[in-house]
Structure formats: C-alpha cells, structure tokens
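Down below is the structure, laid out as structure tokens.
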Amino acid sequence: MNLAITDVRLTPILVADPPLLNTQGVHQPYTPRLIVEVVTADGITGVGETYGDAKYLELARPFAERLKGHQVSDLNGLFTLADQVAVDRSRVENAVDVGGLRGVQTADKLRLSVVSAFEVACLDALGKALGLPVHALLGGKVRDAVEYSAYLFYKWADHPEGVPAEKDDWGAAVDPAGVVEQARRFKERYGFTSFKLKGGVFPPDEEIAAVRALAEAFPGHPLRLDPNGAWSVEASIKVAQELRDVLEYLEDPALGTPAMAEVAERTGVPLATNMCVTTFAEIKEAFTKGAVQVVLSDHHYWGGLRNTQQLAAVCRTFGVGVSMHSNTHLGISLAAMTHVAATVPNLHHACDSHYPWQSEDVLTERLTFEGGKVAVSDAPGLGVELDRERLAVLHRRWLDDDGALRDRDDAAAMRIADPEWVTPSMPRW
Ligand SMILES: O=C([O-])C(=O)C[C@H](O)[C@@H](O)C(=O)[O-]
Ligand SMILES: [Mg+2]
C-alpha cells in the first residue's frame, strides 16, 4: 500500500445561499467554499472542505505544494507543514470577521481552518485505503446516529430585487409567526426536535417573543437563541430572565469572556459559545471564570477532527458541555462532523448545521436527516462521493464571478437593500 500523496486538487466554488439575516447583515446569494482533494500513489482520492474566501485560498495553495510525498497517515505532520506557510499579517491584524461571527482572528486560526480540510481529506483517503470508516480511525463510534438541531434564521422571502440568485421555497420569516412556520417546516422535512434561532437581528423584545412563540408551538422541545454577542450584559440578563424556563442554553449573548462571565454569574441559564472560546488558548480564562457552560466546537477552525476530540476531552475534564457550531457548509463537512461527533462520548446537545439551507452540493448523493439525525456511515472513509459535474458547475460560477462574491460579506449584501447600512457596533442593544 502506497499512502504517499502524489496530487492535490483545490477547487474554489460558489454555492447558493438564501437571504438569511444575522446581526452583521444578510447572507449573499452565493457563498465561497473550498473543496480539497488529495490523491495517493495508489490512486485513492480523499476529500475535504473548508472556507473558500481569498485569505484561505492564499494559504491553501502554498500548503498544497508542500504535500507532495506526504503520507496521508501522517496527520500530525500536516500541522508541522502548515507552520511553515507564512500568513500575511494584514489578513488577521485589525481584520473584521465580516461574515463568520467566529470570534478572534489569528494567524494560527487561519492556518487551522485550512489544515482541517486537508486532515479530513487525508482521513478519507486513509479510510478508503484501509477499508475503514473515518470514525474507526478516530477510535470508533459510540453512537450510530448524530442528532442535529433546526437552525432557524430570520429570513427574507428573496434576495433583493435585481440580484441574481437561486429561488428557495422557505418564504419569509421576520416575526414570531414566520419563525414558528419555519420551525414547523424544519420539523416536517427533517424531524428535528430542538430549535436554535439566530438572533441579534431585531431588538431583544421581538426575539424574546419569537422564542416564546416557539415554546408554545413546540412544548418541551429544547430551544436556543444566539445573537452573536449583540447584547449588553444588562440586555443579556433581561433576556435570560425572561426566557429561563424555556431555554436549553443562551448562545453568545454578550461579546467576550468577561461579559459572558458576568451574565453567567447573574443568571441560571447555561451559556454556550462559538465566539469567546474558539482556540485552545482561550479555554483557561473562560473556564476559570465560569463564563461558558457549553463550547460549540467547529472542526474547521479548531483544526480538524482530532483537535475536536481533544477539545471535547478538555471540556469533559472541566465539566463543561460540548456540541457543534456550523457555518454554511456542504455534505463533505456534514459527513466529517458526523464522524467525529459519533466518537465523542460527552456530546449531549444536538449539533448545529446549516446544511438544510444549502440546496446545492458537490456529492452524488446528499446526506439526509431522519428524525433530526444523520446516520453514521460505516463505509470506508467519509462515505461520500464527489459529483465532478456539479463541482465543475459550481467552480465555473466562482470563475465567472468578478470578485464580489469570492469573500463572504454579509454587510455588503445588506447594503444592496439598505445603502445606509454599516456593520453595527457592539453591543447593539
Ligand atoms: O452560531 C453561530 O454563531 C454562527 O453560526 C455564525 C454564522 O456566521 C451564522 O450566524 C451565519 O452564517 O449567519
Ligand atoms: Mg453562535
């Protein structure tokens, strides 16, 4: 068996995205992703997926060049190689994370976000070579299916007039009735039993009303609200108090560990985060201060599936919960999330996934949710197959773009509807 990498293919693509609202603006009609393929000397191809904005591509290209001859089994070596790739400082210093809402930006985090796709691709190739599923390479699954929650968004019916976009069939959701209707459809289509509402869009009272409406429509279902740090400590405490009987957790109500710690201390509602604990370096302060009760991991920016397992082990040690965050992603990443989630014993909350919002994919067969769960594949590797024709079509869209959509920018998308829009300063309320 020859596990040496002989070829690496990087394919940036643009995928359709509905007009989903968040505190920074609205999603653009197409969003960039990067599809990574590693090919071994034996002709086995492994696939991975990560963010596709220019700053990730700029790193992925020189990194890919260093991979020729690298063994797909040498996962630790990927990180050593990545350290050799210089990060342009302007990419991280004072940079506003215009679309990600994923916390601090550092050179390491940028590297990890790129390496994660290669780690997944190597695991996929290794699994195919050995005839083993990725979860087996990670130590084995402890469950046969992974539970996800419905990721509800305030949403316009369509992207602004005149903007080329794919039509979706979800309709608008800009008030409590719209949010409940969206949740109903999520439940009907996918069987989800817990609901997360992306908040920070309307004043807190309106979002409290939406969560109350969800609680009435779906009694006993776990509910979460995530304003991405848009509230002051006082506003966060007010929301926590008003919703404490129905919330499973409140996600990133306020920005930064000190503010989260204050909210946690003054309310009994558990706090989750994918903004103030996004790197190993941020764990100590947050856990010592009791700022978070659930860390939402994301294998992209935590640096892959094995780092996600390490994060879960640290959380377990400190009695902090762990679950999963998600940005716009396709089926390769959902498969990777499902494999690693299947191996984490202390995963007790349904994971987030944007996947239902993505009408397009690069797989021959989409992953499906049954009863809100994705079955853990036992096929070799990730258990997914790339659809090269679809990949080519979505790459062609990226090639044809004049650059406007190659970097996700939710504020720019909002300015098309509201020319006065500027990224709100935080806390917004
Ligand atoms: O849980 C979160 O904070 C997210 O998923 C952040 C994302 O950027 C989400 O708000 C989005 O895509 O609009
Ligand atoms: Mg969040």
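Start at 1 with the first residue, then count along the sequence. Any value given below was found using the heavy atoms of this structure, including those in side chains, with hydrogens, waters and symmetry copies removed. Whatever order the structure lists them in is the order used to number ligands and atoms, beginning at 1.
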Looking only at heavy atoms, is any part of H325 under 4.0 Å from ligand 1, and if so is it the side chain, the backbone, or both, or is it neither?
side chain

Kindly confirm whether the Mg ion (ligand 2) is within less than 2.8 Å of some N/O/S atom in E251?
yes

Report the part of R102 (side chain from C-beta onward, or backbone N, CA, C, O) that has a heavy atom under 4.0 Å from ligand 1; answer both or neither where that applies.
neither

Whether K167 and D169 form a salt bridge (side-chain N of Lys/Arg under 4.0 Å from carboxylate O of Asp/Glu) is what I want to check.
no

Y190 vs W170 aromatic rings, parallel, tilted or perpendicular, using cut-offs 30° and 60°?
parallel

Against heavy atoms of N327, which atoms of ligand 1 measure under 4.0 Å?
6 (C), 7 (C), 8 (O), 12 (O)

Under 4.0 Å from a heavy atom of H27: which atoms of ligand 1 are those, numbered in the order shown and with their elements?
11 (C), 12 (O), 13 (O)

With distance as the sole test, does E37 use its side chain to make a donor-acceptor pair with the main-chain N or O of R9 at under 3.5 Å?
no

Any N, O or S atom of N228 closer than 2.8 Å to the Mg ion (ligand 2)
no

Sub-4.0 Å atoms of ligand 1 with respect to non-hydrogen atoms of D226:
1 (O), 2 (C), 3 (O)

Looking at K141, I'd like to know if its NZ atom is crowded, meaning that more than 12 non-hydrogen atoms belonging to other residues, nucleotides or ligands lie closer than 6.0 Å.
yes

Ion pair check, D205 and K238, cut-off under 4.0 Å:
yes

Where on L296 is there a heavy atom closer than 4.0 Å to ligand 1, on the side chain, on the backbone, on both, or on neither?
neither

Would N274 count as a contact of ligand 1 if the rule is a heavy atom under 4.0 Å away?
yes

With E206 via side chain to side chain contact (heavy atoms under 4.5 Å, CB included) - residues at least two apart
F202, P203

Below 2.8 Å, any N, O or S contact between D226 and the Mg ion (ligand 2)?
yes

Would you say the ring centers of Y30 and H159 fall short of 6.0 Å from each other?
no

H354 near ligand 1 by a heavy-atom separation under 4.0 Å
yes

For ligand 1, which atoms sit closer than 4.0 Å to a heavy atom of K198?
1 (O), 2 (C), 3 (O), 4 (C), 5 (O), 6 (C), 9 (C), 10 (O)

Quick check: does D352 get an N/O under 3.5 Å from an N/O on ligand 1?
no

Taking the six-membered ring of F195 as reference, does the NZ or CZ atom of R224 fall below 6.0 Å from its centre and within a 45° cone about the axis?
no

Indicate yes or no: at least one non-hydrogen side-chain atom of F218 is less than 4.5 angstrom from one of L223.
no

Using a strict cut-off of less than 4.0 Å between a Lys/Arg side-chain nitrogen and an Asp/Glu carboxylate oxygen, indicate whether R397 and E360 qualify as a salt bridge.
yes

Does R408 have a non-hydrogen atom less than 4.0 Å from ligand 1?
yes

Please work out which of the three classes, parallel, tilted or perpendicular, describes the rings of Y148 and F369, given edges at 30° and 60°.
perpendicular

Counting heavy atoms only, which part of K196 comes closer than 4.0 Å to ligand 1: side chain, backbone, both or neither?
side chain

Within reach of ligand 1, part of N228 (heavy-atom separation under 4.0 Å)
side chain

Does ligand 1 have an atom under 4.0 Å from some heavy atom of L20?
no

